[in-house]
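Below is one structure, written out as structure tokens; the observations come after it.
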Amino acid sequence: MNKIIYVGIDVHSSNFTLCSFEPGYGLTEDKIFGQVQFKEDFIKNTEKYISTLKKQRKDIDVVCGYEAGCLGYAPQRELSKRGIKCVILAPTTMAVQKGGKKVKNDYKDSIEIARCLSSGSYKPVYIPDTEDEDVRDYIRMRDDHNTALKHIKQQLNAFLLRHGFKFDGKTKWTLKHIEWIKKLSCTDKQREIINEYLATYETLSDKIDALDLRIEELSQTERYADTVKKLTCIKGIKTHTALSFVTEVGDFNRFKSAEKFAGYIGLTPGEKSSGDNERKTGITKAGNRHLRRLAVECAWSYMRGFVGQKSAELKKRQKNMPQEVVTYADKASTRCQRKYNRLTTKGKNSNKAVTAVARELCCFIWGMATSHYEGTTQPKDNSVLRESALD
């Protein structure tokens, strides 16, 4: 059986550093060797480095890896095409030694990566296929436009407030609010500034509407249509959120349970316990930040309405869907609504209650995507629901 040499790669946009590590497994001393740094041709130089290792030692296999970061999945895919085993390490899961000398540089980072590869003290990043990644990036691009629109609104509101203009209505950025802005009595220069802000606002709004239509089209393709339609049967989840979950997660079945999936989203509570003292902390915020934000945004919808209430839009999304899917979706909505009401009644802060609901919602999303709804039946009395096995 061939020995395995582990190659840690510390990657940056401008340079990358490689280091080889051969574990002794307690029989001999660990060997650290072959530390080199390159500034260009990442794939070509890495392939050359590994070829040199294999020429020097005929009886070895090579495994290389780098931390998830700015270079994304491209290096891993290119190295895999060339027959080089490469993994991407999730930084938050790596077991890095604490204490001792506070020395950090690229060479030491590459050694730490190689050690983690050797000991298995890390979790690999899931590599999506190119189609999922492209759709995911498209949705993120739309969200970037939405963030820019939000900033324009804030900047125009701040400008108006600075100059003593205050809107008396209840809700801003309605037709009434925009008409009020257009009819303000102000100086010529102020009017010019306001018009420029409004032009940018309208351009971004139209762009986002067009992108949303394109996202609707993408969601209706054969690859995504079934899962997206099922997820949108749940209150608070529309096409944008459903398609984001599908493309960001990739394969829901890689999580063994709903609890594991909620942990991936980063919505499970942390813990700092010692001895007999048990202390829970806030949510871990590990894993996918984008999905965590979407889950919390969806959970805010459970603040409104009452248990069992369905909007006309939700009924439309559930129309013509299998009965077991609708039953499971209604069960999810009821559970989340009741959870929010129960926590706030006990005096919990609404932000904490919504976060707890977001975790519950993620569990049901996992159940819906992996078809764990099969075999569910509609309860006769909606006021009494069975506790889900997802808890």
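All values derive from a computational prediction rather than experimental measurement. Every heavy atom of this structure was used, including side-chain atoms; hydrogens, water molecules and symmetry mates were not.
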Exercise. Does S118 reach the main-chain N or O of A114 with its side chain, forming a donor-acceptor pair under 3.5 Å?
Worked result: no
Exercise. Quick one: does T247's side chain have a donor or acceptor within less than 3.5 Å of a partner on S244's backbone?
Worked result: yes
Problem set entry | Step-by-step side chain to side chain contact (heavy atoms under 4.5 Å, CB included) determination, Y126 to V249 | CA-CA 9 Å; Y126 172 75; V249 175; over 6 Å; no
For this session: Without swapping roles, check the side chain of T147 against the backbone of D143 for a donor-acceptor pair under 3.5 Å.
Result: yes
Exercise. Just wondering, are more than 12 heavy atoms of other shown residues or ligands nearer than 6.0 Å to NZ in K238?
Worked result: no
Exercise. Quick check: are there more than 12 heavy atoms from other residues, nucleotides or ligands sitting under 6.0 Å from CZ of R191?
Worked result: yes
For this session: Spell out, yes or no, whether I43 and Y49 are grouped together once hydrophobic residues are joined by side-chain heavy atoms under 4.5 Å, including indirect joins.
Result: yes
Problem set entry | Crowding at CG, D188 (>12 non-hydrogen neighbours, <6.0 Å) | no
Problem set entry | Verdict with supporting geometry, R279 and E271, salt bridge (Lys or Arg N to Asp or Glu O under 4.0 Å) | CA-CA 6 Å; R279 182 187 168 208; E271 183 176 354; over 6 Å; no
Exercise. Do side-chain atoms of R289 reach the backbone of K285 as a donor and acceptor pair under 3.5 angstrom?
Worked result: no
Seminar exercise, completed: Residues passing the side chain to side chain donor-acceptor pair (under 3.5 Å) test with K176, sequence neighbours excluded, are none
Exercise. Are any side-chain N or O atoms of E202 and backbone N or O atoms of A199, one a donor and one an acceptor, separated by less than 3.5 Å?
Worked result: no
Problem set entry | Min side-chain heavy-atom separation F245-N288 under 4.5 Å | no
Exercise. With no hydrogens and no angle check, is any side-chain donor or acceptor of D41 less than 3.5 Å from a backbone partner on K44?
Worked result: no
Exercise. Side chain of R317, backbone of T232: donor and acceptor closer than 3.5 Å?
Worked result: yes
Exercise. So, for A295 and L267, which heavy atoms are closest and what is the spacing to 0.1 Å?
Worked result: CB-CD1, 4.2 Å
For this session: Kindly determine whether R57 and L53 satisfy side chain to side chain contact (heavy atoms under 4.5 Å, CB included), including the steps that lead there.
Result: CA-CA 6 Å; R57 297 274 300 275; L53 284 179; over 6 Å; no
Exercise. When you measure from the side chain of T93 to the backbone N and O of K123, does any donor-acceptor pair fall under 3.5 Å?
Worked result: yes
For this session: Please check if the distance between the ring centroids of W366 and F252 is under 6.0 Å.
Result: no
For this session: Can you establish whether the number of heavy atoms outside E217 located under 6.0 Å from its atom CD is more than 12?
Result: yes
Problem set entry | Sub-6.0 Å ring centroid separation between Y302 and Y340 | no
Exercise. Taking everything shown except K108 itself, do over 12 heavy atoms lie less than 6.0 Å from its NZ?
Worked result: no
Exercise. Which atoms form the tightest heavy-atom contact between I9 and I113, and what is the distance?
Worked result: O-CD1, 3.3 Å
For this session: Examine I234 and M303 and state if one hydrophobic cluster contains both, with Ile, Leu, Val, Met, Phe, Trp and Tyr joined whenever side-chain heavy atoms are less than 4.5 Å apart.
Result: yes
Exercise. Do the side chains of R142 and H240 get nearer than 4.5 Å, heavy atoms only?
Worked result: yes
Exercise. Just wondering, do I152 and Q155 contact through their side chains at under 4.5 Å, heavy atoms?
Worked result: yes
Exercise. After noting the C-alpha distance and the side-chain angles of F21 and K31, does the key distance pass the side chain to side chain contact (heavy atoms under 4.5 Å, CB included) rule?
Worked result: CA-CA 6 Å; F21 178 80; K31 294 180 182 178; over 6 Å; no
Exercise. Which residues satisfy the side chain to side chain donor-acceptor pair (under 3.5 Å) test with Q76, sequence neighbours excluded?
Worked result: S80
Exercise. Are I5 and L117 co-members of a hydrophobic cluster defined by side-chain heavy atoms under 4.5 Å apart?
Worked result: no
Problem set entry | Common cluster, W180/L175, ILVMFWY with side-chain heavy-atom separation under 4.5 Å | no
Problem set entry | Side-chain heavy-atom pair C64, L79 within 4.5 angstrom cut-off | yes
Problem set entry | Between F16 and H12, ring centroids under 6.0 Å | no
Exercise. Quick one: does I111's side chain get under 4.5 Å of I32's, heavy atoms only?
Worked result: yes
Exercise. Sub-3.5 Å donor-acceptor pair from the side chain of R292 to the main-chain atoms of I265, do we have one?
Worked result: yes
Exercise. Parallel, tilted or perpendicular: which describes the rings of W173 and H177, with under 30° parallel and over 60° perpendicular?
Worked result: perpendicular
For this session: Find out if a path of hydrophobic residues (ILVMFWY) with successive side-chain heavy-atom gaps under 4.5 Å connects I84 to Y6.
Result: no
Seminar exercise, completed: Residues G305 and Q337: closest non-hydrogen pair is O-NE2, 3.6 Å
Exercise. Once the angle between the rings of Y66 and F42 is folded into 0 to 90°, is it parallel (under 30°), tilted (30 to 60°) or perpendicular (over 60°)?
Worked result: perpendicular
Exercise. When you look at CG of L213, are more than 12 heavy atoms from neighbouring residues, nucleotides or ligands closer to it than 6.0 Å?
Worked result: yes
Problem set entry | Minimum heavy-atom distance S301-G236, with the two atoms named | OG-CA, 3.5 Å
For this session: Tell me, please, whether F261 has R254 positioned over its six-membered ring: NZ or CZ under 6.0 Å from the ring centre and within 45 degrees of its axis?
Result: no
For this session: Take I215 and L243 through the side chain to side chain contact (heavy atoms under 4.5 Å, CB included) test and state the conclusion after the steps.
Result: CA-CA 8 Å; I215 289 171; L243 189 59; 3.9 Å; yes
Exercise. With distance as the sole test, does Q318 use its side chain to make a donor-acceptor pair with the main-chain N or O of C233 at under 3.5 Å?
Worked result: yes
